[in-house]
Amino acid sequence: MRLAIFARTFVRESMEAALDAVAAHNLDAAQFNPSLLGGSSLPESLAGADADRVAAAHAERGIAMVAVSGTYNMAHPDAARRADGARRLARLIAIAPRLRTGVVTLCTGTRDPGDMWRAHPGNASPDAWGDMRASVAAAVDAAERAGVVVAIEPEPGNVIRDARAARRLLDEIASPALRIVLDAANLVAPDPGADQTRVIGEALEQLAADIVLAHAKDVRADGTVVAAGRGAVDYPGYVAGLRAAGFDGPLVLHGLAEDEVAASVAFVRAALTA
């Protein structure tokens, strides 16, 4: 597996400086966020010149862009908000090959109108599923046209809250352009005291063939998200499970502050070499 990091972990005056910080930690892979160009995380559009600048900056530093974030609330209760996000996402997907990446990550969203990651009682409704599915299907259509894949992530606060829901969506849409981001902390978060071997193993059993990216953060027993190595996730077990499932792709650090990066890099590298 290849260790990577969210490039926006590093707050700098320019995108190039943020990538310099990635390289300074001896990392040669990153997940990109358009906000590093000084605007929105999902801009109205990304100019070709900007895409070329981003691709060149990565290449000059020997950093592979393992994914670009394309998140908006795909289950937002306001249809106009969903439509705006879908337009922006389609434009990002279309230019992803010019960024030199083949993966665009999504957020399946929530009925909470203010925070796309926060749980809401309405997430379990058929209407929420239908709105989310339509949003994802539109993104998949755009990905098929662009020759890239889009990846959903089971998140406890989202409509796709667990591996079972992710498997259902994969089966309903049935496109090789729809893939999975797996994050053990998300699987463990609803009950950090549960048998992690079982929880992670069941998720891998359902999703292994579709995983394109794995994320690396951690969660404490009280549910607080923390940097990898500072919580309850069994990282040797997580890594072993991914390997046993045949995954050999990027493992991307996120959910951490810059002053935690060195320790988390060392921690996860130790798990990868154990």
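One-based numbering along the sequence shown. Computed from a predicted model, the values in this text were never measured in an experiment.
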Please set out all donor-acceptor pairs under 3.5 angstrom arising from side-chain atoms of residues 132-143, sequence neighbours excluded.
residue, atom, partner, partner atom, Å
R133, NH1, E172, OE1, 2.8
S135, OG, M74, O, 3.0
S135, OG, D131, O, 3.1

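- Looking at residues two or more places apart in sequence or on another chain, you find a ring pair (Phe, Tyr, Trp, His ring centres under 6.0 Å) between F6 and H215, H254.
- No side-chain donor-acceptor contact under 3.5 Å links E153 and T105.
- The environment of R53 atom CZ is dense: over 12 non-hydrogen atoms of other residues, nucleotides or ligands sit within 6.0 angstrom.
- Using a 4.0 Å cut-off between charged nitrogen and carboxylate oxygen, R2 and D28 count as a salt-bridge pair.
- The stretch residues 113-124 participates, sequence neighbours left out, in these side chain to side chain donor-acceptor pair (under 3.5 Å) pairs: T110-N123, D112-R118.
- For residues 227-244, the pairs satisfying side chain to side chain donor-acceptor pair (under 3.5 Å) are R230-E260, with sequence neighbours left out.
- Other residues, nucleotides and ligands contribute at most 12 non-hydrogen atoms within 6.0 Å of the CZ atom of R100.
- Side-chain polar atoms of T224 and D222 form a donor-acceptor pair below 3.5 angstrom.
- The two residues L92 and P34 have their closest heavy-atom pair at CD1-CG, 4.3 Å.
- With rounding to the nearest 0.5 Å, the separation of CG in L3 from CG in L253 is 5.0 Å.
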Show me the side-chain donor-acceptor pairs of residues 201-213 shorter than 3.5 Å, one per line, residues at least two apart or across chains.
residue, atom, partner, partner atom, Å
Q206, NE2, E202, O, 3.4
D210, OD2, R167, NH1, 2.9

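- E258 and T9 form no side-chain donor-acceptor contact under 3.5 Å, judged by distance and modelled atom types alone.
- R111 CZ to S125 OG: the interatomic distance, rounded to the nearest 0.5 Å, is 5.0 Å.
- The minimum heavy-atom distance between G231 and D218, with the atom names listed, is N-OD2, 3.1 Å.
- The pair D78-R82 does not meet the salt-bridge criterion, since no charged nitrogen lies less than 4.0 angstrom from a carboxylate oxygen.
- Remark: the S175 side chain and the E144 side chain contain an N/O donor-acceptor pair separated by less than 3.5 Å.
- Between E44 and R87, no side-chain nitrogen of the basic residue sits less than 4.0 Å from a carboxylate oxygen of the acidic one, so the salt-bridge criterion is not met.
- The ring-ring contact (aromatic ring centres under 6.0 Å, His included) analysis of residues 7-48, with sequence neighbours excluded, yields the pairs F10-H25, F32-H58.
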